[in-house]
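Worth saying up front: this structure is predicted, and the values here are computed from it rather than measured.
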Amino acid sequence: MEARMVNKNYLKYLVAEKGLQMKDLAIILDISCPSLYSKIKGKVEWKLSDMKKIKEFLELSDEDFKKIFGL
């Protein structure tokens, strides 16, 4: 079964808007960049705790969170 894909373009947009890079997300999740991209591409399942870390780190609104993760 394939994991849920995220809205990667919108996630990348919000990361760049904060002046950050995708590697910063990998750092706060304590995973490698390739592991992060596997999650983004839907090859690896997202943990709710990881999604919450990203929400807090990027200070996402509930609307942005839903737009990225489809929850």
Note to self: Ignoring hydrogens, what is the shortest heavy-atom contact between Leu14 and Ile68? Give both atom names and the distance.
What the structure shows: CD1-CD1, 3.7 Å
Item checked: Side-chain heavy-atom pair Lys18, Glu59 within 4.5 angstrom cut-off -> yes
Notebook entry, point to check: What's the verdict on side chain to side chain contact (heavy atoms under 4.5 Å, CB included) for Asp64 and Leu58, showing C-alpha distance, side-chain angles and the deciding distance?
Noted result: CA-CA 10 Å; Asp64 285 337; Leu58 296 178; over 6 Å; no
Notebook entry, point to check: Any side-chain donor paired with an acceptor under 3.5 Å for Ser35 and Ser32?
Noted result: yes
Note to self: Does Tyr10 have more than 12 heavy atoms from other residues, nucleotides or ligands lying within 6.0 Å of its OH?
What the structure shows: yes
Next item on the list: Determine, using the 4.5 Å side-chain heavy-atom cutoff (strictly less than), whether Ile27 and Val44 are members of one ILVMFWY cluster.
Entry: no
Next item on the list: May I ask you to test the Leu29-Trp46 pair for a side-chain heavy-atom distance under 4.5 Å?
Entry: yes
Check: Between Phe69 and Phe65, what is the ring plane arrangement, given parallel below 30°, perpendicular above 60°, and tilted in between?
Finding: tilted
Note to self: Please enumerate all residues that pass salt bridge (charged side-chain N to carboxylate O under 4.0 Å, His left out) together with Lys55, with sequence neighbours excluded.
What the structure shows: Asp62
Next item on the list: List for me each residue that meets salt bridge (charged side-chain N to carboxylate O under 4.0 Å, His left out) alongside Glu63, sequence neighbours excluded, and say none if there are none.
Entry: none
Checklist line | Set of residues satisfying salt bridge (charged side-chain N to carboxylate O under 4.0 Å, His left out) with respect to Asp50, sequence neighbours excluded | finding: Lys39
Checklist line | Worked check of side chain to side chain contact (heavy atoms under 4.5 Å, CB included) between Met22 and Ile40 | finding: CA-CA 11 Å; Met22 296 303 285; Ile40 290 171; 3.3 Å; yes
Check: Quick one: CG on Leu60 to NZ on Lys66, what's the gap to the nearest 0.5 Å?
Finding: 13.0 Å
